[in-house]
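Working notes, structure below.
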Amino acid sequence: MSLSLFLVDEQALSTAEPGDVVPLSGAEGHHAVTVARTKPGERLLLGDGIGTLARCRVSAVDPGRLEAEVEDIWFEPPAQPSLTVVQALAKGDRDLLAVEVATELGVDEVVPWQADRSVVRWRGDRGRRSQQKWGQTLVSATKQARRARIPTLAQAAGREQVRARIAGAARAWVLHESAEVHLADVVSSAGAGTPRAGEVVLVVGPEGGISQAELDAFVDAGAEPVVLGPTVLRTSTAGSAGLAVICAASRWRA
């Protein structure tokens, strides 16, 4: 069984070496001691969320905090290509499910997209709370997946911001049920599949679908409309299915 991952401040592991003792306190220390009931002698992972992971043995436990001795420590560089999901805002927390699973699959950046047909609108306090909730979801999913890096959460974007991301990407695909090209065929095509470096952008529309004006703008910026399969997926699952196809053709190979 894989070791549980807890996050520490970026500086805590910056100079750590095997044999050093790293404290875990605050909310993470409380969770480790009170919720997970971690005991001295048990092993766990500590991570800084920006690439460093340390395998540790718990040496001391106090209420709300523990100390862990580093046994092994390593740095995982950013994966290539970088995977960005532009996720349309959706009602009923379906967008939260989407970014949670995307994080577990390995997404590097998530862009909340205020699409033309998004029912949910991020404005004022509601927008700030929603942005914060997305960020918390990325952190918890990172820990669940034992990832070395927390995905970047971009600011909420409109059509023009998404268009600019597409224009600057090495490759961009828009999931669209009317597309004639299958994503699985594209990513496996010799010479035309997933690039080895740069940014790959995957655009996922809202429950009401991507408007024609949005689709035209994205295609004009260099994106290619693609379809996943014969069934219509919800916005909460389409992006994750697309990421799985891309990763299977690139990152998940030996």
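The figures here come from the full heavy-atom set of this structure, side chains too, leaving out hydrogens, waters and symmetry mates.
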Is any side-chain heavy atom of [X] less than 4.5 Å from a side-chain heavy atom of [Y]?
X: Pro112; Y: Leu153; answer: yes
X: Val8; Y: Leu13; answer: yes
X: Val174; Y: Leu215; answer: yes
X: Val101; Y: Leu97; answer: yes
X: Leu138; Y: Val99; answer: yes
X: Trp252; Y: Leu105; answer: yes
X: Val219; Y: Pro225; answer: yes
X: Pro18; Y: Ile73; answer: yes

Nearest-0.5 Å distance, [atom1] of residue [X] to [atom2] of residue [Y]:
X: Gln87; Y: Ser236; atom1: CD; atom2: OG; result: 8.0 Å
X: Glu199; Y: Thr84; atom1: CD; atom2: OG1; result: 3.5 Å
X: His31; Y: Thr38; atom1: NE2; atom2: OG1; result: 8.0 Å
X: Trp173; Y: Leu202; atom1: CH2; atom2: CG; result: 8.0 Å
X: Leu228; Y: Leu183; atom1: CG; atom2: CG; result: 6.0 Å
X: Ser130; Y: Leu96; atom1: OG; atom2: CG; result: 8.0 Å

Check whether any side-chain N or O of [X] sits under 3.5 Å from a backbone N or O of [Y] as a donor-acceptor pair, and report yes or no.
X: His182; Y: Ala184; answer: no
X: Glu214; Y: Arg159; answer: no
X: Thr237; Y: Leu233; answer: no
X: Gln80; Y: Gly198; answer: yes
X: Arg149; Y: Glu76; answer: yes
X: Arg147; Y: Thr142; answer: no
X: Arg57; Y: Gly41; answer: yes

remark   = Contacts satisfying salt bridge (charged side-chain N to carboxylate O under 4.0 Å, His left out) that involve residues 15-34 (not counting sequence neighbours) are Glu28-Lys143
Should [X] and [Y] be counted in the same cluster of Ile, Leu, Val, Met, Phe, Trp and Tyr side chains packed under 4.5 Å apart?
X: Val139; Y: Val85; value: yes
X: Val201; Y: Ile210; value: yes
X: Val70; Y: Val21; value: no
X: Val162; Y: Val204; value: no
X: Trp113; Y: Val110; value: no

Write down the atom of [X], the atom of [Y], and the distance for their closest heavy-atom approach.
X: Arg126; Y: Val120; result: NH2-CG1, 3.7 Å
X: Ala197; Y: Ala170; result: O-CB, 3.8 Å
X: Gly205; Y: Ala88; result: C-CB, 3.4 Å
X: Cys247; Y: Leu83; result: SG-CD1, 3.8 Å
X: Ala238; Y: Leu175; result: O-CD1, 3.5 Å
X: Ala102; Y: Leu243; result: CB-CD1, 3.6 Å

Do the side chains of [X] and [Y] get close enough for a salt bridge, i.e. N-O under 4.0 angstrom?
X: Arg171; Y: Glu224; answer: yes
X: Glu109; Y: Arg165; answer: yes
X: Arg251; Y: Asp108; answer: yes
X: Arg94; Y: Glu207; answer: yes

Please set out all donor-acceptor pairs under 3.5 angstrom arising from side-chain atoms of residues 43-51, sequence neighbours excluded.
from  : atom 1 : to    : atom 2 : distance (Å)
Arg43 : NE     : Glu71 : OE1    : 2.8
Arg43 : NE     : Glu71 : OE2    : 3.4
Arg43 : NH2    : Glu71 : OE2    : 3.3
Asp48 : OD1    : Ile50 : N      : 2.9
Asp48 : OD1    : Gly51 : N      : 3.3
Asp48 : OD1    : Thr52 : N      : 3.0
Asp48 : OD2    : Thr52 : OG1    : 3.4

ask   = Does atom CZ of Arg234 have more than 12 heavy-atom neighbours from other groups under 6.0 Å away?
value = no
ask   = What do you reckon, is CD of Glu104 surrounded by more than 12 foreign heavy atoms closer than 6.0 Å?
value = yes
request  = Check the side chains of Thr103 and Glu100 for a donor-acceptor pair under 3.5 angstrom, ignoring hydrogens and angles.
outcome  = no
inquiry  = Tell me if the aromatic rings of Trp122 and Trp134 count as close, with their centers under 6.0 Å from one another.
reply    = yes
